[in-house]
*Asks:* 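One structure, pasted below without further comment.
Chain identifiers are assigned alphabetically (A, B, ...) following the order of the sequence lines, protein sequences preceding nucleic acid strands; residue numbering begins at 1 within each chain.
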2 protein chains.
Amino acid sequence: MTTNTRQQIIDYSAELLRARGYSGFSFLDIAREFGIKKASVHHHFPKKVDLGLALCDWTQAWLEQGLAHFEAKGTSNWNKLERYFKAAQKHTLNEQLMCPISAFHNDLPVLDDSIRERLKALGNIELDWVERVIEQGIEAGEFLSTSAAEGSSSESSARALAGLFIFSCKGALYHARLHGKDMFHQTMQQFAALVRL
Amino acid sequence: MTTNTRQQIIDYSAELLRARGYSGFSFLDIAREFGIKKASVHHHFPKKVDLGLALCDWTQAWLEQGLAHFEAKGTSNWNKLERYFKAAQKHTLNEQLMCPISAFHNDLPVLDDSIRERLKALGNIELDWVERVIEQGIEAGEFLSTSAAEGSSSESSARALAGLFIFSCKGALYHARLHGKDMFHQTMQQFAALVRL
DNA sequence: GTCTATAAATGGATAGAC
DNA sequence: GTCTATCCATTTATAGAC
């Protein structure tokens with residue numbers, strides 16, 4: 001019955017991570033939640049790094065499941081991006097939770113190298129996904145292809161557009177946590193106005 | 001001679017704030033730097049909030065001086081934006097320092113309300129500046145004016161573009177701290193490609 | 001798997017002497 | 001302005017009994 005305590009700890013920690021950041025929660029927080037002692041939490045995760053790495057696994061699953069969900073068949077590529085930022089908006093603005101990648105990222109200075117490496121990989125999964133969607137969108141004539149100078153079909157343009165999309169989205173969400181959602185909506189709308197054909 | 005200890009503490013704290021965030025430095029760090037004891041630091045700033053608010057003042061001066069510096073006369077409006085993100089790039093990528101506003105922002109959950117209020121004002125100063133530059137740029141025909149539908153000259157468009165600029169810039173810098181500078185350059189170039197006429 | 005007990009360090013803060 | 005001394009709370013972590 002209590003065999004899944006480990007998993008429950010991970011799930012609850014993920015919530016704390018997204019609400020307060022990596023250094024914002026402690027073994028005591030977790031112990032209290034499950035009515036056990038700190039030492040018992042250490043039984044499941046000897047060091048906080050162990051828990052942190054488990055949270056990286058959790059984040060990867062969360063991310064891959066999310067991205068797959070945005071790719072409902074039959075939708076336009078813009079619609080995929082829209083699903084992405086609507087989900088982000090819901091988490092940040094309604095549920096007051098950070099994206100777990102950003103939550104880790106905020107505590108970059110205190111993270112172990114092993115976690116930093118995982119974090120890099122996670123960031124790349126996300127960026128690659130956006131790039132692929134935009135690349136397909138350019139080929140389908142949904143999006144503007146800039147720097148259409150030489151022969152590099154749409155590759156470099158797609159990655160740069162992906163950067164503009166994902167960073168403005170994350171930056172705007174970050175801003176919204178303190179200033180409210182208005183600028184987030186304006187910014188995403190502006191991106192659409194500039195890039196959609 | 002030691003009358004300016006207070007100011008020296010503020011200056012050094014600003015460095016620590018930008019390197020490690022608000023919760024990333026302690027009174028002990030400061031005491032060590034000046035060869036004094038923690039209690040002596042508390043003499044200058046009874047509570048950490050007091051130091052935090054002094055750092056908000058410092059940040060405002062830093063910001064206003066920076067923005068004024070980007071407005072060299074005779075430069076184009078694009079050039080002003082370029083100076084802005086080149087400076088940001090230098091701080092983040094060369095000096096490994098965060099913008100103090102972002103540094104505070106990272107620790108949002110643990111900040112006192114008084115600091116949060118100051119932080120909001122600081123964010124608005126920055127955003128207003130970018131908006132004004134872009135507004136002038138649109139009027140001068142330097143930048144594209146989207147959503148050129150009704151009579152709202154260039155106002156709403158300028159603010160939305162300002163959001164896209166500043167959030168993509170900050171988001172890309174954030175990303176660069178872990179992943180390196182490549183995407184930052186691509187992203188800023190992409191913004192220019194889309195918006196400059 | 002969970003407990004008690006404990007260690008060792010850190011962080012914010014205060015009282016009162018010099 | 002700075003010091004010693006001290007307090008209290010928190011956090012990560014370990015040893016060993018049940």
*Asks:* Using the C1' atoms of five pairs at each end, what's the angle between the two axes of the helix from C:dG1-D:dC18 to C:dC18-D:dG1, to 10 degrees?
*Replies:*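 About 0° separates the two local helix axes.
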*Asks:* Any pair with a residue in residues 47-60 of chain A that passes salt bridge (charged side-chain N to carboxylate O under 4.0 Å, His left out), sequence neighbours left out, goes on the list, sorted by first then second residue, please.
*Replies:*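 Listed once each, the pairs are A:D57-A:R118.
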*Asks:* Please lay out, stage by stage, how B:V195 and B:F165 fare under the test side chain to side chain contact (heavy atoms under 4.5 Å, CB included).
*Replies:* CA-CA 10 Å; B:V195 167; B:F165 173 76; over 6 Å; no
*Asks:* Charged N to carboxylate O under 4.0 angstrom, A:E126 versus A:K170?
*Replies:*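 So A:E126 pairs with A:K170 through a salt bridge.
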*Asks:* Quick one, give me the B/S/- string for nucleotides 4-18 of chain D, reading 5' to 3', where B means a protein heavy atom under 4.0 Å from the base and S means that only happens at the primed atoms, P, OP1 or OP2.
*Replies:* B------BBBBB---
*Asks:* When you compare the side chain of A:W78 with that of A:L81, does any pair of heavy atoms fall below 4.5 Å?
*Replies:*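 Contact flag for A:L81/A:W78 side chains = yes.
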*Asks:* Measure from CZ on B:R6 to P on D:dG1 and round the result to the nearest Å.
*Replies:*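 Spelled out: CZ on B:R6 to P on D:dG1 is 10 Å.
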*Asks:* Going by an N to O cut-off under 4.0 Å, is there a salt bridge joining B:K38 and B:D29?
*Replies:*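 Salt bridge: no.
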*Asks:* Are the ring centres of A:F191 and A:F85 closer than 6.0 Å?
*Replies:*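 No, ring centres 6.0 Å or more apart.
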*Asks:* Checking side-chain polar atoms at under 3.5 Å, does A:Q190 have a donor or acceptor matched by the opposite partner on A:Q186?
*Replies:*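 Their side chains do not contain a donor-acceptor pair, so the 3.5 Å distance test is not met.
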*Asks:* Can a salt bridge be assigned to the pair A:E71 and A:R132 using a cut-off of 4.0 Å between side-chain N and carboxylate O?
*Replies:*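 Between A:R132 and A:E71 there is a salt bridge, with a charged N closer than 4.0 Å to a carboxylate O.
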*Asks:* Can you check the B:L16 CG to C:dG11 P distance for me, whole Å?
*Replies:*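 So the CG-P distance, B:L16 to C:dG11, works out to 12 Å.
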*Asks:* If the cut-off is 4.0 Å, is B:H43 near the phosphate of D:dT2, judged by side-chain N/O to OP1 or OP2?
*Replies:*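 No, B:H43 has no side-chain N/O under 4.0 Å of OP1/OP2 on D:dT2.
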